[in-house]
Engineer: 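Sharing a structure, written as structure tokens. Questions coming.
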There are 4 protein chains.
Amino acid sequence: MEETARMNDKRPIRQKRDPEATRRALLAAAIAEFADKGLAGSRVDEIAHRAGVNKQLVYHHFGNKDDLFRAALEQVYGEIRAREQSLNLADLPAVAAMERLVGFSFDHLAEHPELVALLNDENRHEARHVKSSPQIQAMHSPLVRMIDETLARGARDGVFRTDMDPINVYISIAGLAYFFFANNHTLSAIFDTNLDTAREVSRRRRHVIDFVLSALQPREVGLSPD
Amino acid sequence: MEETARMNDKRPIRQKRDPEATRRALLAAAIAEFADKGLAGSRVDEIAHRAGVNKQLVYHHFGNKDDLFRAALEQVYGEIRAREQSLNLADLPAVAAMERLVGFSFDHLAEHPELVALLNDENRHEARHVKSSPQIQAMHSPLVRMIDETLARGARDGVFRTDMDPINVYISIAGLAYFFFANNHTLSAIFDTNLDTAREVSRRRRHVIDFVLSALQPREVGLSPD
Amino acid sequence: MEETARMNDKRPIRQKRDPEATRRALLAAAIAEFADKGLAGSRVDEIAHRAGVNKQLVYHHFGNKDDLFRAALEQVYGEIRAREQSLNLADLPAVAAMERLVGFSFDHLAEHPELVALLNDENRHEARHVKSSPQIQAMHSPLVRMIDETLARGARDGVFRTDMDPINVYISIAGLAYFFFANNHTLSAIFDTNLDTAREVSRRRRHVIDFVLSALQPREVGLSPD
Amino acid sequence: MEETARMNDKRPIRQKRDPEATRRALLAAAIAEFADKGLAGSRVDEIAHRAGVNKQLVYHHFGNKDDLFRAALEQVYGEIRAREQSLNLADLPAVAAMERLVGFSFDHLAEHPELVALLNDENRHEARHVKSSPQIQAMHSPLVRMIDETLARGARDGVFRTDMDPINVYISIAGLAYFFFANNHTLSAIFDTNLDTAREVSRRRRHVIDFVLSALQPREVGLSPD
DNA sequence: AATGAATGAGTTTTCATTCAT
DNA sequence: TATGAATGAAAACTCATTCAT
């Protein structure tokens with residue numbers, strides 16, 4: 001009996017039949033390809049090739065290229081939101097909590113350039129896939145709540161300003177890291193330097209944390225912001 | 001009276017054979033199309049159509065799609081850098097100068113979504129076109145100098161911290177606006193709101209200016225960033 | 001009775017999904033088209049049309065136009081070299097063997113104008129495809145050996161000169177026929193005759209055989225070839 | 001008065017107006033391009049570029065691409081036929097005359113690869129351009145006459161066979177050289193050698209002269225060709 | 001579930017030729 | 001005579017998707 005496939009099943013000799021693994025491989029390949037080339041620039045052929053499977057399986061498992069892109073978004077959004085939840089900011093004093101959140105946001109983008117790339121593309125498509133994904137819609141309210149609670153706690157403790165709305169704070173936290181990573185290549189080119197080194201990344205990290213915490217500090221004399 | 005062809009006015013009535021106008025029309029159409037669809041998603045056909053000219057003129061005037069993309073980048077980069085130069089920051093006190101710069105950066109992105117879109121794409125291509133454009137390379141040193149001088153002046157006057165490097169400050173200024181506009185659609189979607197209204201944009205503008213100026217303020221008690 | 005699909009005969013009645021047949025049809029069509037128009041003048045569209053299949057199958061099965069041209073060369077080279085091997089020259093006296101070889105070379109070119117046409121084109125491209133085809137490279141040493149043995153045998157038997165190198169002899173044998181076929185149209189035009197008739201072809205055939213055998217004869221008085 | 005153009009003419013300042021020189025430059029460029037790429041593979045743009053003039057001048061001076069190809073053929077045919085006429089074979093003994101003719105034919109092809117290349121292409125087009133060129137048609141009868149006279153003289157002197165028709169002899173003379181040059185690249189490739197060296201060319205030259213003179217020798221014992 | 005063949009509709013780019021100056 | 005702009009038609013090649021096995 002040649003090549004028994006894992007157990008005594010009826011399946012034909014040629015194994016390699018693990019649909020769940022195929023799905024995972026395709027999804028990972030899709031995230032990589034979409035991050036590299038964008039939705040328009042990605043090739044279904046290439047995704048299948050990266051996953052080591054037949055192209056038709058993309059259609060079998062995901063429907064079509066757009067559905068695959070949505071699945072990729074769900075995956076990368078799911079990861080960051082899940083990790084944010086396990087930061088347990090409530091266990092820390094407000095300033096430390098904020099520092100942890102900013103640090104995490106920065107680090108996650110540093111480690112996940114595909115998130116940046118996919119979001120860029122998704123915005124070009126006016127968030128079409130996000131809007132049609134109930135799964136993604138559902139995962140964001142905890143984030144706002146988390147920030148809001150931290151800001152409120154800091155305000156109560158007298159270490160944060162009281163006039164900051166959580167969504168704008170989140171956008172600032174994310175933006176300070178995001179732009180650095182999203183535009184790293186053009187910034188390196190126009191400033192004639194290399195911002196993609198460990199040294200520059202960690203320098204930026206310190207800058208961002210410092211910047212956010214400074215901005216949130218209560219001020220003696222208010223600036224007149226117009 | 002139908003268009004008499006040889007009147008003595010400045011520009012001939014029949015636009016035929018005005019290569020410079022053809023070039024301009026193509027460039028404008030290209031910027032719009034690349035902003036909408038990205039480099040990979042844009043169609044040379046569509047660009048020519050938007051410009052109202054024959055498709056082959058793209059090749060005649062620009063070489064190919066990539067060269068056209070480079071020309072588009074040169075155009076949009078050229079505009080923002082030129083306008084920055086005319087801000088005359090040196091004529092203002094440091095805080096007001098910084099406020100003007102941050103406000104301008106925000107407004108320019110608000111008014112020029114194509115800049116955001118083109119830069120996103122250019123980064124996906126690892127700044128390939130920027131790197132091969134001496135024109136773009138040349139236009140950036142004044143920007144850094146401008147920020148550096150403003151920071152130095154503010155530090156001298158005791159209104160700014162002394163430990164900020166100009167490139168990181170620029171990246172923060174740009175990033176706080178950029179992320180808001182670049183990711184406006186996904187942010188609106190996930191936070192279940194509409195950030196693309198005049199109200200939200202101006203709210204964000206105030207937040208950004210406030211955020212930057214607060215962050216740059218000298219602090220009595222230094223936070224330990226790290 | 002209309003084409004019943006599942007009769008138990010050797011080949012299925014509906015030719016659908018017979019990749020091997022598709023490949024063969026494309027190759028035959030390609031040889032014909034390349035012979036007619038050359039590599040540059042041939043149209044992939046036309047090749048597909050001649051083969052009765054979809055154009056994209058050229059790319060599916062062969063890669064691109066150049067690869068298809070290489071495959072065509074492999075095919076026509078393979079045929080002539082295979083037929084040469086089955087001439088069994090070793091079974092004949094040297095003069096008869098040489099006569100058979102010359103006759104075959106002439107006849108093969110007469111029957112296979114596509115070989116002439118393809119080789120002309122391949123030389124314009126500096127044998128690029130031949131050089132990149134290990135298959136073609138491999139099929140030629142038997143030919144040289146065959147001629148060499150025949151010449152040696154003839155020399156031993158006193159019927160051939162002893163100073164002829166096999167490659168030059170092969171080039172002469174081939175050239176005497178090749179030029180006639182390759183340039184038949186221009187020769188007919190400039191000499192104001194029609195060399196494409198059965199009569200002129202067979203006259204040329206006799207001339208070529210006579211010419212080669214005469215030239216190979218041992219001579220009493222050596223000519224001083226410079 | 002700046003830059004007078006050769007004499008006191010009325011032509012505008014910008015000289016470079018030498019239509020005859022332009023024509024010559026275009027013709028030379030066309031011969032080179034057609035030899036390199038063939039009729040189908042050649043580009044009018046490239047021919048103009050090689051000639052250093054505007055593309056439109058091709059149409060101005062020659063009509064169109066096909067007419068230009070005909071002009072190129074007339075040029076290269078004219079050259080070889082003219083040089084043949086100045087060989088003055090009648091002044092030499094038959095064998096020496098034939099040797100001179102064979103040598104010249106070989107040398108001319110060696111020095112004029114463009115002739116080989118153009119003829120290949122012209123034959124692919126079934127001598128279309130030659131047939132429509134009265135000029136080319138006219139230049140060939142002297143050639144046949146010349147060979148015929150030489151053969152007749154040799155036969156009279158007892159140094160040549162008497163049964164050779166001049167057209168077949170010409171085709172053999174030309175073919176022995178032509179095939180070597182026309183197929184030099186493929187022959188080098190398949191025989192795994194380099195036939196494009198001075199050494200191999202001169203070896204071939206000797207072989208060809210020897211081959212022709214041997215074949216033309218009267219034979220004691222006739223071979224039975226067929 | 002999995003594969004390779006097949007396809008229709010593009011997509012960039014090319015090119016001979018003509019137009020306007 | 002000479003030039004660069006402009007064009008229509010095509011050409012090689014691509015690609016998401018479906019079909020047959």
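Lettering of chains follows the sequences in order, A, B, ..., and the numbering in each one begins at 1. Fair warning: this is a prediction, and the values are worked out from it, not measured in the lab. What's counted below: heavy atoms across the whole structure, side chains too, no hydrogens, waters or symmetry copies.
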Engineer: With nearest nucleotides of DNA chain F determined for C/Ala40 and A/Leu39 from heavy-atom distances, which residue corresponds to the more 5′ nucleotide?
Structural biologist: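 Taking each residue's closest nucleotide, the earlier one in sequence belongs to C/Ala40.
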Engineer: Rounded to whole Å, how long is the line connecting atom CZ of A/Phe34 with atom C1' of F/dA16?
Structural biologist: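 So the two atoms are 12 Å apart, to the nearest Å.
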Engineer: Assess the side chains of C/Glu74 and C/Ser133: does a donor N or O sit below 3.5 Å from an acceptor N or O?
Structural biologist: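 There is such a pair between these side chains.
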Engineer: Could you tell me whether the phosphate oxygens of F/dA2, OP1 or OP2, come under 4.0 Å of any side-chain nitrogen or oxygen in D/Asn54?
Structural biologist: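 Indeed not, no polar side-chain atom of D/Asn54 lies that close.
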Engineer: Tell me whether C/Asn123 contacts the main-chain N or O of C/Glu126 through its side chain, where contact means a donor paired with an acceptor under 3.5 Å.
Structural biologist: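 Checked: no pair found.
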Engineer: Could you tell me the separation between the CG atom of C/Leu57 and the C1' atom of F/dA12, rounded to a whole number of Å?
Structural biologist: 15 Å
Engineer: Just to be sure I understand the rule, does B/Asp45 reach a base, reach only the sugar-phosphate, or reach nothing, if contact means heavy atoms closer than 4.0 Å?
Structural biologist: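 Base, at least one base heavy atom under 4.0 Å.
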Engineer: From NE2 of A/His61 over to P of E/dA1, roughly how many Å is that when rounded to an integer?
Structural biologist: 6 Å
Engineer: Using Watson-Crick or G-U wobble geometry with both distances under 3.5 Å, which nucleotide pairs with E/dT12?
Structural biologist: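 Partner of E/dT12: F/dA11.
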Engineer: Specify the separation, in whole Å, of atom NE2 of D/His49 and atom P of E/dA16.
Structural biologist: 15 Å
Engineer: Name the pairing partner of E/dT21, where a pair is Watson-Crick or G-U wobble with both distances under 3.5 Å, or state none.
Structural biologist: F/dA2
Engineer: For the atom pair CG (A/Leu68) and CG (A/Leu73), what is the distance rounded to the nearest 0.5 Å?
Structural biologist: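 Answer rounded to 0.5 Å: 10.0 Å.
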Engineer: Could you say whether C/Val53 or A/Val53 is positioned toward the 5' end of DNA chain E, judged by the nucleotide with the nearest heavy atom to each?
Structural biologist: A/Val53
Engineer: Is there a donor-acceptor contact under 3.5 Å linking the side chains of C/His185 and D/Glu122?
Structural biologist: no
Engineer: In this structure, how many angstroms lie between the P atom of F/dA10 and the CD atom of B/Gln56, rounded?
Structural biologist: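 That distance rounds to 13 Å.
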Engineer: Over how many whole Å does the gap from D/Phe62 atom CZ to F/dA2 atom C1' extend?
Structural biologist: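 Distance, rounded to whole Å: 15 Å.
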Engineer: For E/dA6, does OP1 or OP2 lie under 4.0 Å from any side-chain N or O of C/Thr22?
Structural biologist: yes
Engineer: Could you give the CZ-to-C1' distance, from A/Arg43 to E/dT11, as a whole number of Å?
Structural biologist: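 Spelled out: CZ on A/Arg43 to C1' on E/dT11 is 10 Å.
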Engineer: For A/His60 and F/dT18, is the shortest distance between a side-chain N/O and OP1 or OP2 below 4.0 Å?
Structural biologist: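 For F/dT18, neither OP1 nor OP2 has a side-chain N or O of A/His60 closer than 4.0 Å.
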Engineer: Could you check whether A/Asp36 pairs with B/Arg124 (Lys NZ or Arg NE/NH1/NH2 to Asp/Glu carboxylate O, under 4.0 Å)?
Structural biologist: no
Engineer: Quickly work out the D/Tyr59 OH to E/dC19 P distance and round it to whole Å.
Structural biologist: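 Interatomic distance, OH of D/Tyr59 to P of E/dC19: 13 Å.
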Engineer: Report yes or no: is there a donor-acceptor pair, N or O only, under 3.5 Å between the side chain of B/Lys55 and the base of F/dT7?
Structural biologist: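 When only heavy-atom distances are counted, B/Lys55 does not reach the base of F/dT7 through any donor-acceptor pair under 3.5 Å.
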